[in-house]
Amino acid sequence: MESASLLIIFMASLLVGISGYSVYTSFGPPSQNLRDPFEEHED
């Protein structure tokens, strides 16, 4: 049972880490370097 709970904790922390990094990239300081392809092609 211990290995199953360790796997669950690992998967949950991986999910939280990836989610946190994607939110930081989208809304944090690195978002200034992102480009908007729809804004580039407005007529």
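The model shown is predicted, which means the values in this text are computed figures rather than measured ones.
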**Message:** How close do S26 and S31 get, counting heavy atoms only, and between which atoms?
**Reply:**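 Where S26 meets S31 most closely, the heavy atoms are O-CB, 3.1 Å.
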**side-chain contact (heavy atoms from CB on, under 4.5 Å) partners of Y21, counting only residues at least two apart** =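 Counting only residues at least two positions away or on another chain, Y21 forms a side-chain contact (heavy atoms from CB on, under 4.5 Å) with T25.
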**Request:** Measure the spacing between CG of L14 and OG of S19 and express it to the nearest 0.5 Å.
**Result:**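 Between atom CG of L14 and atom OG of S19 there are 9.0 Å.
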**Message:** Strictly by salt bridge (charged side-chain N to carboxylate O under 4.0 Å, His left out), give each pair with a member in residues 26-35 just once, sequence neighbours left out.
**Reply:**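 Found R35-E40.
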**Asked** Rest of the hydrophobic cluster containing V23 (Ile/Leu/Val/Met/Phe/Trp/Tyr, side-chain heavy atoms under 4.5 Å)?
**Response**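 Via sub-4.5 Å side-chain contacts, V23 links to F27.
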